[in-house]
Every structure is written in C-alpha cells, then in structure tokens.
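In what follows, a single structure is set out as structure tokens and then discussed.
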Amino acid sequence: MRQPLVAGNWKMNGSRASVRALVEGVKAGLDGVGQVRVAVCPPFVYLADVAALLEGSAVMLGAQNLYFAASGAYTGETSAAMLMDFGCAYVIVGHSERRALFGETDETVVRKLVAASRAGLKPILCVGELLEDRENGVTEHVVGRQLDSVLHVSGGLEALANTIIAYEPIWAIGTGRTASPEQAQDVHAFIRRRIAMRDAEIAARIQILYGGSVKASNAQELFRMPDIDGGLIGGASLDAQEFLTICRAAG
Ligand code: PGA
C-alpha cells in the first residue's frame, strides 16, 4: 500500500534559532508517528543546519525549489545536485506561489521535475486551481492541464513514476479555508484516473498529498479519504506540536 507522507513547507519563515527549536521539537515528538514518513522543507539557507540537526532521525529533508540546469551562470539558483549534496531527499516543484509570484509555467515546472527526478530527488509536484476556476466548474480542466504538461512531455512519465503529487487548491492555501474531504477526494481520484490513462501501475502507487490550510483539527478527516496519502503543510508546520498531531493523523 501507499505509505503516508506528511511534509512541512516552511516557506520563507524562520531564523537559525527558531529553525533549531522547531526541528528539536519535531524530533522529540516522533513517537506515535508510526509508519508515517515525515519531511521538512526549510528555506535554502537553513538546509545545512537542518540536515545536521536531523542526522540519525527518521525525519527527511526537502527543499522548496530548484533550477533545472546542472550548473552554470544562473545567479541565485540552486541545482538538484546541490540539494542532494546537502542531504535532501525531496524537493517541492511548481508550488502555486512559485507559479503566481515568480512566473513559473507548466513548461519550467516539468523541466524542474525531470531534472530533480534524474538527479535522484523525489519531487513533490504541486497542482491546484484558483477559486475562480472552481466557481466556474473548471477544476478538473485546470488540474488536468497541469498533469498533461508532465504526462505528454518526453521524460515526463519516467519522472512521474518517481514523483509525489500535492493537490493544493490555491483558494485554500494560507487562507484558513480548507477543501472539504469530499472536494479533495474528488480531485485526488481524478488525478489518479488521469495518470491511469497513461500508466495504471504508476497511478495505483503514486502518493497524492493534500495541501491547503491543513491543521491539527481537520487533518484526520482529510487523511481518512481513500485517495489522500498525506499532506503538504504550510502554516501549521511551523508549530512542532501541531505538525506532529497532523503527522499522527496520517497513520
Ligand atoms: P498552508 O500552505 O498549509 O499554509 O495553507 C500549504 C502550502 O502552500 O503548501
């Protein structure tokens, strides 16, 4: 069966001191998390600190972004190999904030996905619709387009075989407004069906996380749904106790 994963996306938050306290808090509360895989994705500048703090623990390290080129004149960017060098296992790709605020397109997202996967990282590919899309009834069209941009590109299916998907409705991110378990389940099932049209085996085993205002109080009802395999947690991952409660809810 699919192993549940709960990943904390810390976004652009923290200081060296607060990051240390957060990691210590998470490490101290892992009892009871059971089979759930736990990961944290700090800002780049804290990766080395967090990697050192996580040594010997079961918590995995992830990054929030990467660039698809291997090396070269790309000021300010970070390659997959560099992330591997710092002990990252995961990397978030195509988060809606990157798409909306930093101009990432389906095309750049898929190039990042393929680069991350080829380098040995496990990409967490984010997809999701705007409120306007949902209100216009085009959620499946939008998420389908985001998936197709991967499924129909050379190397995309191979990368997807090694990818985790995070369904994050944009209207639910950081807004306190969560998708209902049924709304989320419907889209998760749609994602699985869409992938199954290309490869049924990948569709059956791919982990699909839900993200968007997951909290200790709503995690359990979301994770109970059959196609929800864990969560990508933003705001609530900055509080060790709340994050741990969410991790336990995925078990
Ligand atoms: P949120 O963010 O949990 O704060 O809504 C989730 C995400 O953007 O990954």
Side-chain angles (χ1 to χ4, degrees), residues 4-14 18-19 22 25-26 36-44 46-47 50 59-66 83 88-104 109 112-113 116 121-131 133-134 139 142-143 146 163-181 183-184 187-188 191 207-223 225 228-250:
L5 167 71
V6 177
N9 172 12
W10 295 353
K11 307 194 179 182
M12 196 176 75
N13 291 295
S18 75
V19 157
L22 181 52
V26 171
V36 179
R37 181 146 287 207
V38 177
V40 293
C41 305
F44 286 132
Y46 300 128
L47 284 174
V50 176
V59 179
M60 312 288 284
L61 187 63
Q64 299 175 15
N65 183 29
L66 81 161
L83 299 179
C88 287
Y90 300 98
V91 61
I92 299 170
V93 176
H95 190 281
S96 62
E97 286 150 16
R98 302 247 17 122
R99 294 179 192 251
L101 303 172
F102 303 100
E104 293 199 11
V109 168
K112 290 181 174 198
L113 188 80
L121 289 160
K122 225 171 178 16
I124 301 177
L125 169 68
C126 299
V127 297
E129 81 287 4
L130 295 163
L131 181 59
D133 299 326
R134 179 158 286 269
T139 297
V142 170
V143 173
Q146 291 167 335
T163 293
I164 295 164
I165 292 181
Y167 168 57
E168 300 205 309
I170 294 163
W171 49 272
I173 296 177
T175 58
R177 189 174 161 191
T178 321
S180 71
Q183 283 176 321
V187 181
H188 282 230
I191 290 170
Q207 291 161 291
I208 308 178
L209 313 181
Y210 170 78
S213 295
V214 179
K215 308 182 262 275
S217 56
N218 61 21
Q220 204 152 22
E221 57 178 23
L222 286 159
F223 296 161
M225 304 312 278
I228 302 185
D229 306 315
L232 182 57
I233 319 299
S237 71
L238 298 172
D239 179 302
Q241 293 318 313
E242 173 133 25
F243 182 60
L244 287 162
T245 305
I246 295 169
C247 293
R248 281 186 218 104

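All values reported here derive from a predicted model rather than from experimental measurement. Just follow the structure's listing: the first ligand is 1, and inside any ligand the first atom is 1.
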Pairs under 3.5 Å, N/O atoms on ligand 1 and on the protein: can you put them in a table with the distances?
| residue | atom | partner | partner atom | Å |
| --- | --- | --- | --- | --- |
| ligand 1 | 2 (O) | Lys11 | NZ | 3.3 |
| ligand 1 | 3 (O) | Ser213 | N | 3.4 |
| ligand 1 | 3 (O) | Gly234 | N | 2.9 |
| ligand 1 | 4 (O) | Gly235 | N | 2.8 |
| ligand 1 | 5 (O) | Gly174 | N | 2.7 |
| ligand 1 | 5 (O) | Ser213 | N | 2.7 |
| ligand 1 | 8 (O) | Lys11 | NZ | 2.7 |
| ligand 1 | 8 (O) | His95 | NE2 | 2.7 |
| ligand 1 | 9 (O) | Asn9 | ND2 | 3.4 |
| ligand 1 | 9 (O) | His95 | NE2 | 3.3 |
| ligand 1 | 9 (O) | Glu168 | OE1 | 3.3 |
| ligand 1 | 9 (O) | Glu168 | OE2 | 2.7 |

Inset, instruction - Applying salt bridge (charged side-chain N to carboxylate O under 4.0 Å, His left out), run through Glu104 and Arg98 and close with a yes or a no. - result: CA-CA 6 Å; Glu104 293 199 11; Arg98 302 247 17 122; 2.9 Å; yes
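Paired with Phe223 under the rule side chain to side chain contact (heavy atoms under 4.5 Å, CB included), one option of Leu209, Asp229, Ile246, Val36 passes, and it is Ile246.
The shortest heavy-atom contact between Val6 and Ala250 is CG2-CB, 3.7 Å.
In this view, Lys11 and Glu97 satisfy the salt bridge (Lys or Arg N to Asp or Glu O under 4.0 Å) rule, not counting sequence neighbours. For Asn218, the side-chain hydrogen bond (donor to acceptor under 3.5 Å, both in side chains) criterion is met by Thr178, not counting sequence neighbours.
Residue pairs satisfying the side-chain hydrogen bond (donor to acceptor under 3.5 Å, both in side chains) criterion with at least one member in residues 163-174, sequence neighbours excluded, are listed as follows: His95-Glu168, Glu129-Tyr167, Glu129-Trp171, Arg134-Tyr167.
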